[in-house]
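First the structure, in the form of C-alpha coordinates, and then the observations on it.
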Amino acid sequence: MAPRTPPRPFEAGGVIISWWRCVMLDLRLIRERPDLVRAAVASLGIEAPIDTILALDEDRRAILSEVEALKARRNEVSKEIGRLRGGPGAEPLKDESRSIGERIKALDENVKSVEGKLNSAMLEMPNLPHDSVPAGKDDRDNVVVRTVGEPRQFDFAPLAHWDLGPTLGIIDFERGVRMSGTRFYLLKGAGARLQRALITWMLDLHVAKHGYTEIYPPYVVREECLWVDGKLPKFRDNIYHDAEEDLWWIGTAETPLTNLHRDETLTLDDLPRSYVAYTACFRREKMSAGRDVRGIKRGHQFDKVEMFKFTTPESSYEDLETMVAQAEEVPALLGIPHRVILMCTGDLGFVAAKKYDVEMWAPGCAEWLEVSSLSNCTDFQARRGNMRFRREQGARPEYMHTLNGSGLALPRTLIAVIENYQQSDGSVVVPEVLRPYMGGIEVIR
RNA sequence: GGAGAGGUCGCAUAGUCCGGUCUAGUGCGCGCGACUCGAAAUCGCGUGGGCAGCAAUGUCCCGUGGGUUCAAAUCCCACCCUCUCCGCCA
(Lines give C-alpha, C1' and ligand atoms only; values in the text may rest on other atoms or scores of the structure.)
Protein backbone atom coordinates (compact mmCIF):
# COMPACT_ATOMS: atom_id res chain seq x y z
CA MET A 1 0.00 0.00 0.00
CA ALA A 2 1.19 3.46 -0.77
CA PRO A 3 2.41 5.05 2.44
CA ARG A 4 0.34 8.16 2.26
CA THR A 5 -0.55 10.42 5.06
CA PRO A 6 -4.21 10.29 5.83
CA PRO A 7 -5.69 13.73 6.12
CA ARG A 8 -6.84 14.61 9.55
CA PRO A 9 -10.61 14.78 9.82
CA PHE A 10 -10.54 18.02 11.72
CA GLU A 11 -8.44 21.05 12.37
CA ALA A 12 -7.85 23.12 15.45
CA GLY A 13 -11.22 24.37 16.56
CA GLY A 14 -12.89 21.13 15.66
CA VAL A 15 -14.16 22.13 12.25
CA ILE A 16 -13.73 19.40 9.72
CA ILE A 17 -12.54 20.64 6.38
CA SER A 18 -10.64 17.87 4.68
CA TRP A 19 -11.87 15.70 1.80
CA TRP A 20 -13.10 13.49 4.57
CA ARG A 21 -16.53 14.65 3.72
CA CYS A 22 -20.03 13.41 4.02
CA VAL A 23 -19.23 9.76 4.23
CA MET A 24 -20.48 8.73 7.63
CA LEU A 25 -24.05 7.63 7.40
CA ASP A 26 -24.96 7.76 3.75
CA LEU A 27 -26.03 11.34 3.26
CA ARG A 28 -28.42 10.34 0.50
CA LEU A 29 -30.32 8.13 2.90
CA ILE A 30 -30.83 11.02 5.29
CA ARG A 31 -31.78 13.31 2.45
CA GLU A 32 -34.27 10.94 0.86
CA ARG A 33 -35.71 9.16 3.89
CA PRO A 34 -35.37 11.55 6.82
CA ASP A 35 -38.47 10.06 8.46
CA LEU A 36 -36.94 6.61 8.48
CA VAL A 37 -33.60 7.83 9.81
CA ARG A 38 -35.29 9.92 12.47
CA ALA A 39 -37.28 6.95 13.72
CA ALA A 40 -34.23 4.70 13.74
CA VAL A 41 -32.15 7.19 15.69
CA ALA A 42 -34.98 7.77 18.14
CA SER A 43 -35.06 4.05 18.89
CA LEU A 44 -31.42 4.26 19.98
CA GLY A 45 -32.21 6.97 22.49
CA ILE A 46 -29.46 9.10 20.95
CA GLU A 47 -29.70 12.74 19.96
CA ALA A 48 -28.65 13.32 16.37
CA PRO A 49 -28.52 16.56 14.38
CA ILE A 50 -30.69 15.40 11.50
CA ASP A 51 -32.40 18.73 10.83
CA THR A 52 -29.06 20.49 10.88
CA ILE A 53 -27.72 18.02 8.39
CA LEU A 54 -30.65 18.43 6.04
CA ALA A 55 -30.36 22.20 6.05
CA LEU A 56 -26.58 22.21 5.60
CA ASP A 57 -26.79 19.65 2.82
CA GLU A 58 -29.21 21.82 0.91
CA ASP A 59 -27.03 24.88 1.44
CA ARG A 60 -23.96 23.07 0.31
CA ARG A 61 -25.42 21.84 -2.94
CA ALA A 62 -26.84 25.22 -3.82
CA ILE A 63 -23.53 27.01 -3.32
CA LEU A 64 -21.64 24.25 -5.07
CA SER A 65 -23.50 24.50 -8.36
CA GLU A 66 -22.87 28.23 -8.43
CA VAL A 67 -19.21 28.03 -7.60
CA GLU A 68 -18.59 25.26 -10.11
CA ALA A 69 -20.10 27.30 -12.93
CA LEU A 70 -17.80 30.18 -11.97
CA LYS A 71 -14.79 27.91 -11.91
CA ALA A 72 -15.66 26.58 -15.35
CA ARG A 73 -15.73 30.13 -16.68
CA ARG A 74 -12.44 31.05 -15.00
CA ASN A 75 -10.71 27.99 -16.44
CA GLU A 76 -11.94 28.99 -19.87
CA VAL A 77 -10.72 32.57 -19.52
CA SER A 78 -7.33 31.52 -18.20
CA LYS A 79 -6.85 29.22 -21.12
CA GLU A 80 -7.66 32.05 -23.50
CA ILE A 81 -5.13 34.30 -21.79
CA GLY A 82 -2.56 31.58 -22.26
CA ARG A 83 -3.33 31.44 -25.97
CA LEU A 84 -2.91 35.20 -26.32
CA ARG A 85 0.57 35.02 -24.79
CA GLY A 86 0.27 38.45 -23.20
CA GLY A 87 -0.77 40.06 -26.48
CA PRO A 88 -3.42 42.76 -26.69
CA GLY A 89 -6.80 41.77 -25.39
CA ALA A 90 -5.34 39.84 -22.49
CA GLU A 91 -5.83 42.63 -20.00
CA PRO A 92 -9.64 42.76 -20.02
CA LEU A 93 -9.69 38.99 -19.68
CA LYS A 94 -7.36 39.18 -16.72
CA ASP A 95 -9.71 41.67 -15.12
CA GLU A 96 -12.66 39.39 -15.68
CA SER A 97 -10.80 36.40 -14.30
CA ARG A 98 -9.69 38.38 -11.30
CA SER A 99 -13.19 39.44 -10.41
CA ILE A 100 -14.52 35.91 -10.93
CA GLY A 101 -11.71 34.76 -8.67
CA GLU A 102 -12.85 37.08 -5.92
CA ARG A 103 -16.38 35.74 -6.06
CA ILE A 104 -15.09 32.19 -6.08
CA LYS A 105 -12.99 32.90 -3.05
CA ALA A 106 -15.96 34.23 -1.13
CA LEU A 107 -18.16 31.31 -2.15
CA ASP A 108 -15.40 28.79 -1.43
CA GLU A 109 -15.13 30.06 2.09
CA ASN A 110 -18.85 29.58 2.35
CA VAL A 111 -18.62 26.02 1.09
CA LYS A 112 -15.79 25.27 3.46
CA SER A 113 -17.68 26.56 6.43
CA VAL A 114 -20.87 24.73 5.47
CA GLU A 115 -18.99 21.50 4.78
CA GLY A 116 -17.14 21.82 8.05
CA LYS A 117 -20.39 22.08 9.94
CA LEU A 118 -21.94 19.33 7.87
CA ASN A 119 -19.06 16.96 8.57
CA SER A 120 -19.11 17.67 12.26
CA ALA A 121 -22.81 16.93 12.25
CA MET A 122 -22.34 13.76 10.20
CA LEU A 123 -19.73 12.52 12.65
CA GLU A 124 -22.39 12.80 15.34
CA MET A 125 -24.72 10.46 13.47
CA PRO A 126 -24.91 6.98 14.97
CA ASN A 127 -25.19 3.80 12.95
CA LEU A 128 -28.75 2.57 12.43
CA PRO A 129 -30.03 -0.66 13.98
CA HIS A 130 -30.75 -3.76 11.93
CA ASP A 131 -34.33 -5.03 11.68
CA SER A 132 -33.51 -8.04 13.82
CA VAL A 133 -32.58 -5.87 16.80
CA PRO A 134 -35.29 -5.83 19.45
CA ALA A 135 -36.73 -2.46 20.38
CA GLY A 136 -35.99 -1.41 23.91
CA LYS A 137 -35.13 1.42 26.22
CA ASP A 138 -32.07 0.20 28.09
CA ASP A 139 -30.21 -2.90 29.21
CA ARG A 140 -33.30 -4.26 30.94
CA ASP A 141 -34.80 -4.85 27.51
CA ASN A 142 -31.86 -6.87 26.22
CA VAL A 143 -32.72 -10.43 25.27
CA VAL A 144 -30.99 -13.52 26.62
CA VAL A 145 -30.57 -15.60 23.47
CA ARG A 146 -29.20 -18.72 25.12
CA THR A 147 -27.54 -19.96 28.28
CA VAL A 148 -25.01 -22.73 27.87
CA GLY A 149 -23.73 -24.98 30.64
CA GLU A 150 -24.86 -25.60 34.21
CA PRO A 151 -23.34 -23.64 37.08
CA ARG A 152 -21.17 -25.86 39.19
CA GLN A 153 -22.69 -26.95 42.51
CA PHE A 154 -20.39 -26.13 45.40
CA ASP A 155 -20.39 -27.99 48.70
CA PHE A 156 -18.81 -24.92 50.28
CA ALA A 157 -19.32 -21.19 49.88
CA PRO A 158 -17.27 -20.13 46.84
CA LEU A 159 -15.03 -17.14 47.37
CA ALA A 160 -14.78 -14.08 45.18
CA HIS A 161 -11.50 -13.59 43.33
CA TRP A 162 -10.63 -10.58 45.47
CA ASP A 163 -10.42 -12.93 48.42
CA LEU A 164 -8.99 -15.94 46.60
CA GLY A 165 -6.35 -14.01 44.65
CA PRO A 166 -4.49 -12.30 47.49
CA THR A 167 -4.65 -15.41 49.66
CA LEU A 168 -3.06 -17.46 46.91
CA GLY A 169 -0.57 -14.68 46.27
CA ILE A 170 -1.55 -14.36 42.62
CA ILE A 171 -3.29 -10.97 42.78
CA ASP A 172 -1.74 -8.01 44.59
CA PHE A 173 -3.99 -4.99 44.93
CA GLU A 174 -1.97 -2.98 47.44
CA ARG A 175 1.26 -2.83 45.51
CA GLY A 176 -0.56 -2.07 42.28
CA VAL A 177 -2.25 0.88 43.90
CA ARG A 178 1.01 2.04 45.46
CA MET A 179 2.63 2.23 42.02
CA SER A 180 -0.18 3.56 39.91
CA GLY A 181 -3.12 4.50 42.07
CA THR A 182 -6.62 3.26 42.40
CA ARG A 183 -7.96 0.72 39.91
CA PHE A 184 -4.52 -0.80 39.32
CA TYR A 185 -3.34 -4.17 40.54
CA LEU A 186 -0.73 -6.66 39.66
CA LEU A 187 -0.76 -10.34 38.91
CA LYS A 188 1.97 -12.50 40.33
CA GLY A 189 3.45 -15.93 39.88
CA ALA A 190 0.91 -18.50 38.72
CA GLY A 191 -1.69 -15.71 38.38
CA ALA A 192 0.38 -13.81 35.85
CA ARG A 193 1.18 -17.04 34.10
CA LEU A 194 -2.46 -18.09 34.04
CA GLN A 195 -3.38 -14.88 32.29
CA ARG A 196 -0.54 -15.36 29.83
CA ALA A 197 -1.70 -18.93 29.26
CA LEU A 198 -5.21 -17.73 28.51
CA ILE A 199 -3.94 -15.14 26.04
CA THR A 200 -1.74 -17.57 24.16
CA TRP A 201 -4.33 -20.31 24.17
CA MET A 202 -7.06 -18.00 22.85
CA LEU A 203 -4.79 -16.62 20.13
CA ASP A 204 -3.87 -20.15 19.10
CA LEU A 205 -7.52 -21.14 19.05
CA HIS A 206 -8.55 -18.29 16.76
CA VAL A 207 -5.53 -18.60 14.50
CA ALA A 208 -5.33 -22.37 14.14
CA LYS A 209 -8.98 -23.32 14.33
CA HIS A 210 -10.83 -20.23 13.11
CA GLY A 211 -8.39 -18.99 10.50
CA TYR A 212 -7.64 -15.54 11.88
CA THR A 213 -4.39 -13.76 11.11
CA GLU A 214 -2.56 -12.62 14.21
CA ILE A 215 -1.63 -8.96 14.44
CA TYR A 216 0.54 -7.15 16.93
CA PRO A 217 -0.54 -3.51 16.55
CA PRO A 218 0.61 -0.25 18.10
CA TYR A 219 -0.94 0.56 21.48
CA VAL A 220 -0.95 4.28 20.76
CA VAL A 221 -2.59 5.82 17.72
CA ARG A 222 -3.28 9.14 16.11
CA GLU A 223 -6.52 10.87 16.76
CA GLU A 224 -8.05 10.12 13.36
CA CYS A 225 -7.97 6.39 14.12
CA LEU A 226 -10.43 7.03 16.93
CA TRP A 227 -12.77 8.95 14.66
CA VAL A 228 -12.71 6.10 12.17
CA ASP A 229 -13.67 3.43 14.65
CA GLY A 230 -16.27 5.67 16.26
CA LYS A 231 -14.72 6.12 19.70
CA LEU A 232 -14.68 9.82 18.99
CA PRO A 233 -16.54 12.03 19.43
CA LYS A 234 -18.36 10.11 22.20
CA PHE A 235 -15.62 8.77 24.46
CA ARG A 236 -13.10 11.58 24.51
CA ASP A 237 -13.11 11.66 28.31
CA ASN A 238 -12.34 7.96 28.59
CA ILE A 239 -9.18 7.90 26.52
CA TYR A 240 -5.65 8.47 27.77
CA HIS A 241 -3.91 11.04 25.65
CA ASP A 242 -0.27 12.03 25.41
CA ALA A 243 -0.40 15.75 24.73
CA GLU A 244 3.29 16.04 23.95
CA GLU A 245 3.21 13.73 20.94
CA ASP A 246 -0.54 13.97 20.36
CA LEU A 247 -0.89 10.20 20.58
CA TRP A 248 -3.84 8.35 22.07
CA TRP A 249 -3.66 5.10 24.06
CA ILE A 250 -5.98 2.46 22.71
CA GLY A 251 -8.93 1.34 24.83
CA THR A 252 -9.26 -1.72 22.64
CA ALA A 253 -7.41 -3.42 19.78
CA GLU A 254 -10.49 -2.67 17.72
CA THR A 255 -9.07 0.79 17.11
CA PRO A 256 -5.84 -0.18 15.34
CA LEU A 257 -7.53 -3.15 13.65
CA THR A 258 -10.29 -0.97 12.23
CA ASN A 259 -7.65 1.25 10.74
CA LEU A 260 -5.69 -1.63 9.23
CA HIS A 261 -7.22 -1.20 5.78
CA ARG A 262 -8.04 2.46 5.98
CA ASP A 263 -7.95 4.23 2.61
CA GLU A 264 -7.61 0.93 0.80
CA THR A 265 -9.70 -0.62 -1.93
CA LEU A 266 -9.56 -4.40 -1.70
CA THR A 267 -10.88 -6.90 -4.20
CA LEU A 268 -13.70 -9.32 -3.56
CA ASP A 269 -11.14 -12.12 -3.31
CA ASP A 270 -9.53 -10.34 -0.38
CA LEU A 271 -12.71 -10.63 1.66
CA PRO A 272 -13.44 -11.68 4.24
CA ARG A 273 -10.28 -10.76 6.12
CA SER A 274 -10.07 -11.97 9.69
CA TYR A 275 -7.62 -10.62 12.22
CA VAL A 276 -6.99 -11.34 15.85
CA ALA A 277 -4.85 -9.23 18.13
CA TYR A 278 -3.82 -9.39 21.72
CA THR A 279 -3.21 -5.99 23.27
CA ALA A 280 -3.24 -4.22 26.54
CA CYS A 281 -6.13 -1.73 26.73
CA PHE A 282 -6.26 1.55 28.60
CA ARG A 283 -9.37 3.31 29.82
CA ARG A 284 -9.81 6.19 32.19
CA GLU A 285 -13.16 4.85 33.49
CA LYS A 286 -14.14 7.77 35.63
CA MET A 287 -16.67 5.76 37.61
CA SER A 288 -16.89 6.16 41.31
CA ALA A 289 -15.90 3.37 43.63
CA GLY A 290 -18.54 0.84 44.55
CA ARG A 291 -19.59 -2.72 44.07
CA ASP A 292 -19.11 -2.60 40.33
CA VAL A 293 -15.43 -1.87 40.63
CA ARG A 294 -14.47 -4.34 43.33
CA GLY A 295 -11.61 -6.64 42.39
CA ILE A 296 -9.97 -6.74 38.98
CA LYS A 297 -13.14 -6.57 36.94
CA ARG A 298 -12.74 -3.01 35.81
CA GLY A 299 -9.27 -1.50 35.81
CA HIS A 300 -7.61 1.31 33.91
CA GLN A 301 -5.40 -1.23 32.20
CA PHE A 302 -6.48 -4.65 31.07
CA ASP A 303 -5.65 -7.22 28.44
CA LYS A 304 -7.85 -8.45 25.67
CA VAL A 305 -7.79 -10.73 22.66
CA GLU A 306 -9.80 -9.07 19.93
CA MET A 307 -11.27 -10.56 16.77
CA PHE A 308 -11.92 -8.36 13.77
CA LYS A 309 -13.37 -9.04 10.35
CA PHE A 310 -13.59 -7.07 7.12
CA THR A 311 -16.36 -8.52 5.02
CA THR A 312 -19.06 -7.92 2.42
CA PRO A 313 -22.49 -6.36 3.00
CA GLU A 314 -24.27 -9.54 1.97
CA SER A 315 -22.53 -11.76 4.51
CA SER A 316 -21.87 -9.54 7.49
CA TYR A 317 -24.83 -10.66 9.60
CA GLU A 318 -23.95 -14.29 9.01
CA ASP A 319 -20.35 -13.47 9.91
CA LEU A 320 -21.57 -11.94 13.15
CA GLU A 321 -23.24 -15.20 14.17
CA THR A 322 -20.06 -17.07 13.30
CA MET A 323 -17.97 -14.72 15.36
CA VAL A 324 -20.29 -15.07 18.34
CA ALA A 325 -19.97 -18.85 18.08
CA GLN A 326 -16.18 -18.52 17.95
CA ALA A 327 -16.16 -16.38 21.08
CA GLU A 328 -18.44 -18.87 22.82
CA GLU A 329 -15.93 -21.62 22.22
CA VAL A 330 -13.68 -20.10 24.84
CA PRO A 331 -16.03 -20.59 27.81
CA ALA A 332 -17.23 -23.86 26.29
CA LEU A 333 -13.71 -25.30 26.12
CA LEU A 334 -12.93 -23.95 29.58
CA GLY A 335 -16.03 -25.70 30.85
CA ILE A 336 -17.55 -22.54 32.30
CA PRO A 337 -21.23 -21.59 31.85
CA HIS A 338 -21.93 -18.63 29.64
CA ARG A 339 -24.85 -16.85 28.08
CA VAL A 340 -25.40 -14.77 24.98
CA ILE A 341 -27.31 -11.49 25.14
CA LEU A 342 -28.76 -9.64 22.19
CA MET A 343 -28.64 -5.91 22.81
CA CYS A 344 -31.83 -3.95 22.29
CA THR A 345 -31.92 -0.67 20.35
CA GLY A 346 -31.57 1.42 23.50
CA ASP A 347 -28.35 -0.35 24.50
CA LEU A 348 -26.75 -0.60 21.07
CA GLY A 349 -24.53 2.41 21.28
CA PHE A 350 -23.09 4.54 18.54
CA VAL A 351 -21.40 2.31 15.99
CA ALA A 352 -23.07 -1.11 16.00
CA ALA A 353 -26.05 -2.08 13.86
CA LYS A 354 -26.39 -5.27 15.87
CA LYS A 355 -24.57 -6.37 18.97
CA TYR A 356 -24.28 -9.42 21.19
CA ASP A 357 -22.61 -9.73 24.55
CA VAL A 358 -21.17 -12.96 25.87
CA GLU A 359 -21.15 -13.31 29.64
CA MET A 360 -19.41 -15.89 31.80
CA TRP A 361 -20.70 -17.03 35.15
CA ALA A 362 -18.55 -16.15 38.14
CA PRO A 363 -19.80 -18.03 41.21
CA GLY A 364 -17.62 -16.15 43.72
CA CYS A 365 -18.90 -12.66 43.04
CA ALA A 366 -22.13 -14.28 41.89
CA GLU A 367 -22.59 -12.42 38.67
CA TRP A 368 -22.51 -12.79 34.92
CA LEU A 369 -19.32 -11.10 33.72
CA GLU A 370 -19.30 -9.47 30.32
CA VAL A 371 -16.31 -11.03 28.61
CA SER A 372 -17.11 -10.17 25.04
CA SER A 373 -19.05 -7.67 23.03
CA LEU A 374 -19.52 -8.55 19.38
CA SER A 375 -20.77 -6.03 16.85
CA ASN A 376 -21.63 -5.79 13.22
CA CYS A 377 -20.73 -2.19 12.42
CA THR A 378 -21.90 -2.59 8.80
CA ASP A 379 -20.45 0.22 6.68
CA PHE A 380 -20.28 2.76 9.50
CA GLN A 381 -16.55 2.51 10.16
CA ALA A 382 -15.79 1.80 6.51
CA ARG A 383 -17.32 5.12 5.51
CA ARG A 384 -15.40 6.97 8.15
CA GLY A 385 -12.17 5.27 7.14
CA ASN A 386 -12.74 5.07 3.40
CA MET A 387 -12.41 1.29 3.38
CA ARG A 388 -13.78 -0.20 0.20
CA PHE A 389 -13.71 -3.21 -2.10
CA ARG A 390 -14.37 -3.90 -5.75
CA ARG A 391 -16.50 -6.83 -6.86
CA GLU A 392 -14.54 -7.14 -10.08
CA GLN A 393 -12.03 -5.22 -12.07
CA GLY A 394 -13.50 -1.95 -13.23
CA ALA A 395 -16.51 -2.16 -10.93
CA ARG A 396 -17.38 0.75 -8.68
CA PRO A 397 -15.87 0.50 -5.22
CA GLU A 398 -18.31 -0.28 -2.41
CA TYR A 399 -17.88 0.09 1.32
CA MET A 400 -16.89 -3.01 3.25
CA HIS A 401 -18.59 -4.12 6.42
CA THR A 402 -16.61 -4.45 9.63
CA LEU A 403 -17.19 -6.62 12.66
CA ASN A 404 -15.43 -6.76 15.97
CA GLY A 405 -15.68 -8.89 19.04
CA SER A 406 -13.61 -9.77 22.05
CA GLY A 407 -12.19 -13.23 21.85
CA LEU A 408 -12.26 -12.64 25.19
CA ALA A 409 -11.46 -9.90 27.62
CA LEU A 410 -8.91 -11.00 30.07
CA PRO A 411 -9.10 -10.16 33.65
CA ARG A 412 -12.74 -11.19 33.59
CA THR A 413 -12.04 -14.51 31.96
CA LEU A 414 -9.33 -14.95 34.56
CA ILE A 415 -11.86 -14.17 37.28
CA ALA A 416 -14.24 -16.76 35.88
CA VAL A 417 -11.52 -19.40 35.78
CA ILE A 418 -10.33 -18.74 39.29
CA GLU A 419 -13.80 -18.63 40.81
CA ASN A 420 -15.17 -21.63 38.92
CA TYR A 421 -12.17 -23.83 39.52
CA GLN A 422 -11.62 -23.06 43.18
CA GLN A 423 -11.55 -25.83 45.73
CA SER A 424 -12.58 -25.81 49.36
CA ASP A 425 -8.96 -25.44 50.50
CA GLY A 426 -8.59 -22.21 48.51
CA SER A 427 -6.53 -23.75 45.73
CA VAL A 428 -7.47 -23.41 42.06
CA VAL A 429 -7.45 -26.22 39.53
CA VAL A 430 -6.00 -25.31 36.14
CA PRO A 431 -8.48 -26.11 33.36
CA GLU A 432 -7.40 -28.98 31.14
CA VAL A 433 -6.95 -26.88 28.00
CA LEU A 434 -4.59 -24.46 29.73
CA ARG A 435 -2.23 -27.00 31.29
CA PRO A 436 0.07 -27.23 28.26
CA TYR A 437 0.48 -23.46 28.58
CA MET A 438 1.13 -23.68 32.33
CA GLY A 439 4.12 -25.96 32.14
CA GLY A 440 1.97 -28.81 33.31
CA ILE A 441 0.83 -27.16 36.54
CA GLU A 442 -2.48 -28.74 37.51
CA VAL A 443 -3.35 -26.88 40.67
CA ILE A 444 -2.47 -23.38 41.85
CA ARG A 445 -2.03 -23.39 45.59
C1' G B 1 17.76 14.71 17.88
C1' G B 2 21.31 16.69 13.43
C1' A B 3 22.35 16.80 7.95
C1' G B 4 20.82 15.51 3.05
C1' A B 5 17.48 13.28 -0.77
C1' G B 6 12.62 12.36 -2.05
C1' G B 7 6.78 11.56 -2.23
C1' U B 8 3.37 12.10 -9.78
C1' C B 9 -3.00 8.34 -12.60
C1' G B 10 -2.07 -0.43 -10.12
C1' C B 11 3.72 -0.75 -10.52
C1' A B 12 8.06 1.85 -12.65
C1' U B 13 9.30 6.42 -14.44
C1' A B 14 9.12 11.65 -17.44
C1' G B 15 7.65 16.49 -16.25
C1' U B 16 9.31 20.61 -11.39
C1' C B 17 15.31 24.81 -12.71
C1' C B 18 12.54 28.68 -17.16
C1' G B 19 4.05 28.51 -14.29
C1' G B 20 -0.07 28.28 -19.60
C1' U B 21 -1.27 22.79 -25.80
C1' C B 22 0.45 18.57 -18.65
C1' U B 23 -7.66 18.29 -19.37
C1' A B 24 0.01 14.61 -16.77
C1' G B 25 4.00 11.64 -21.48
C1' U B 26 6.30 6.70 -21.73
C1' G B 27 7.10 1.45 -20.26
C1' C B 28 5.05 -2.62 -17.59
C1' G B 29 0.60 -4.76 -15.86
C1' C B 30 -4.58 -5.41 -16.78
C1' G B 31 -9.19 -5.62 -20.19
C1' C B 32 -11.30 -6.00 -25.16
C1' G B 33 -10.28 -6.89 -30.28
C1' A B 34 -7.17 -8.34 -34.77
C1' C B 35 -3.70 -12.03 -36.57
C1' U B 36 -3.41 -17.71 -35.21
C1' C B 37 -5.65 -24.57 -35.34
C1' G B 38 -4.18 -22.66 -30.42
C1' A B 39 -0.46 -19.88 -28.00
C1' A B 40 3.75 -16.62 -27.87
C1' A B 41 5.27 -12.43 -30.34
C1' U B 42 3.15 -8.32 -32.85
C1' C B 43 -0.61 -4.60 -33.87
C1' G B 44 -5.14 -1.58 -32.54
C1' C B 45 -8.39 0.33 -28.79
C1' G B 46 -9.26 1.01 -23.69
C1' U B 47 -7.66 1.30 -18.68
C1' G B 48 -8.41 6.02 -11.22
C1' G B 49 -11.32 8.31 -7.56
C1' G B 50 -14.57 12.16 -4.90
C1' C B 51 -18.46 15.73 -5.44
C1' A B 52 -22.78 18.25 -8.12
C1' G B 53 -26.40 16.89 -11.91
C1' C B 54 -32.17 13.11 -14.66
C1' A B 55 -28.52 13.62 -18.21
C1' A B 56 -25.19 16.10 -21.30
C1' U B 57 -21.60 17.72 -18.62
C1' G B 58 -19.03 20.42 -14.93
C1' U B 59 -15.76 20.52 -10.85
C1' C B 60 -11.85 18.80 -7.50
C1' C B 61 -7.56 15.46 -6.65
C1' C B 62 0.29 15.08 -8.85
C1' G B 63 1.76 13.30 0.09
C1' U B 64 -1.61 17.02 3.29
C1' G B 65 -3.07 22.03 4.26
C1' G B 66 -2.38 27.10 3.18
C1' G B 67 -0.27 31.24 0.07
C1' U B 68 1.33 33.98 -4.58
C1' U B 69 -0.88 34.42 -9.68
C1' C B 70 -5.52 35.74 -14.75
C1' A B 71 -3.44 30.64 -14.41
C1' A B 72 0.30 26.00 -9.99
C1' A B 73 2.45 18.93 -10.54
C1' U B 74 5.69 23.27 -11.54
C1' C B 75 6.96 29.20 -7.28
C1' C B 76 6.57 30.26 -1.52
C1' C B 77 5.31 28.55 3.70
C1' A B 78 3.88 24.84 7.30
C1' C B 79 3.00 19.84 8.36
C1' C B 80 3.00 14.32 7.41
C1' C B 81 5.60 10.25 5.52
C1' U B 82 9.80 7.46 3.16
C1' C B 83 15.05 6.75 2.22
C1' U B 84 20.57 7.71 3.23
C1' C B 85 24.38 9.32 6.65
C1' C B 86 25.49 10.87 11.82
C1' G B 87 24.13 10.75 17.03
C1' C B 88 21.42 7.86 20.78
C1' C B 89 20.00 3.50 22.30
C1' A B 90 15.95 -1.03 24.83
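Reminder, nothing fancy here: chain letters follow the sequence lines and each chain counts from 1. Hydrogens, waters and symmetry mates play no part in the numbers below; they use all other heavy atoms, side chains included.
Taking the C1' atom of each, B:rC22 and B:rG15 are spaced 8 Å apart, rounded to whole Å. With both ends at atom C1', the span from B:rU8 to B:rG48 equals 13 Å, rounded to whole Å. For the C1' atoms, the distance linking B:rG6 with B:rG63 amounts to 11 Å, nearest Å. The separation of B:rA52 from B:rA14, taken at their P atoms, amounts to 37 Å, rounded to a whole angstrom. Only the P atoms considered, B:rU16 is 14 Å distant from B:rA73, to the nearest whole Å. Distance noted for atom P between B:rA34 and B:rG38: 11 Å (whole Å). The separation of B:rU68 from B:rC11, taken at their C1' atoms, amounts to 35 Å, rounded to a whole angstrom. To the nearest whole angstrom, the two P atoms, one in B:rG29 and one in B:rA24, are 23 Å apart.
The base-pairing partner of B:rC22, taking Watson-Crick or G-U wobble contacts with both distances under 3.5 Å, does not exist among the strands shown. Base pairing of B:rC85 is made with B:rG2, judged by Watson-Crick or G-U wobble geometry with both donor-acceptor distances under 3.5 Å. Within the shown strands, B:rA52 is the pairing partner of B:rU57 under the Watson-Crick or G-U definition, both distances less than 3.5 Å. Under the Watson-Crick or G-U wobble criterion, with both distances below 3.5 Å, B:rC79 is paired with B:rG63. The nucleotide B:rG29 finds its pairing partner in B:rU47, both defining distances of the Watson-Crick or G-U wobble pair being shorter than 3.5 Å. Pairing partner, B:rC35: none, since no Watson-Crick or wobble contact has both distances short of 3.5 Å. Pair check for B:rU16 finds none; no Watson-Crick or G-U wobble contact set falls under 3.5 Å. When Watson-Crick and G-U wobble pairs are counted only if both distances are under 3.5 Å, B:rC9 pairs with no nucleotide at all.
Both A:P397 and A:R74 sit near RNA chain B, but only A:P397 has its closest nucleotide nearer the 5' end. Checking A:R390 against A:R61, the closest nucleotide of RNA chain B that is more toward the 5' end is the one next to A:R390.
The separation between A:E224 atom CD and B:rU64 atom C1' is 11 Å, rounded to whole Å. In this structure, A:E96 places its CD atom 13 Å from P of B:rA71, rounding to the nearest Å. One atom, CE of A:M122, and another, C1' of B:rC51, lie 14 Å apart when rounded to the nearest Å. To the nearest angstrom, C1' of B:rC32 lies 14 Å from CD of A:E392. One can place CG of A:D263 at 13 Å from C1' of B:rC61, the figure rounded to the nearest angstrom. The distance from atom CZ of A:R28 to atom C1' of B:rC51 is 10 Å, rounded to the nearest whole Å. For A:E223 and B:rC79, the CD to P distance is 19 Å, given to the nearest whole Å. Regarding A:E264, its CD atom lies at a distance of 15 Å from the C1' atom of B:rG49, rounded to whole Å.
The pair A:E96-A:R74 does not count as a salt bridge, with every side-chain nitrogen at least 4.0 angstrom from each carboxylate oxygen. Of the charged side-chain nitrogens involved, at least one lies within less than 4.0 Å of a carboxylate oxygen, so that A:K209 and A:E329 count as a salt-bridged pair. In this structure, A:D95 pairs ionically with A:R98, as a charged nitrogen and a carboxylate oxygen lie closer than 4.0 Å.
Residue A:L64 is classed as a sugar-phosphate contact, given heavy-atom separations below 4.0 Å to backbone atoms only. Looking at heavy-atom distances under 4.0 Å, A:D95 makes no contact with the nucleic acid at all. A:R73 comes within 4.0 angstrom of nothing in the nucleic acid, heavy atoms only.
Exactly one of A:T413, A:I199, A:L198 qualifies for a side chain to side chain contact (heavy atoms under 4.5 Å, CB included) with A:V305. That residue is A:I199.
The side chain of A:K105 sits closest to B:rU68 out of B:rG50, B:rU68, B:rG48. Proximity note for A:S78 (side chain, C-beta onward) versus B:rA71, B:rU59, B:rG53: the nearest is B:rA71. Distance from the side chain of A:R60 is smallest for B:rC51 among the nucleotides B:rG49, B:rG66, B:rC51. If you check B:rG53, B:rC70, B:rU59 against the side chain of A:E68, the one that comes closest is B:rU59. Among the nucleotides B:rA52, B:rG66, B:rU59, the one closest to any side-chain atom of A:K112 is B:rG66. Closest to the side chain of A:R222, out of B:rC70, B:rC81, B:rG58, is B:rC81. Comparing B:rG53, B:rG50, B:rC70 by their nearest atom to the side chain of A:R31 picks out B:rG53. Of all nucleotides listed (B:rG66, B:rU59, B:rC70), B:rC70 comes nearest to the side chain of A:I81.
Counting only heavy atoms from C-beta outward, the side chains of A:R262 and A:E224 approach each other to under 4.5 Å.
Using a 30° and 60° split on the angle between ring planes, A:Y240 and A:F282 fall in the perpendicular class, above 60°.
At B:rU68, none of the side-chain N or O atoms of A:R98 fall inside 4.0 Å of OP1 or OP2 (strictly under the cut-off). In terms of phosphate contacts, A:N75 brings a side-chain nitrogen or oxygen within less than 4.0 Å of OP1 or OP2 of B:rC60.
To the nearest 0.5 Å, the span separating CG on A:L118 from CG on A:L123 amounts to 9.5 Å.
Taking a 6.0 Å sphere around CZ of A:R391, one finds it holds more than 12 heavy atoms contributed by other residues, nucleotides or ligands.
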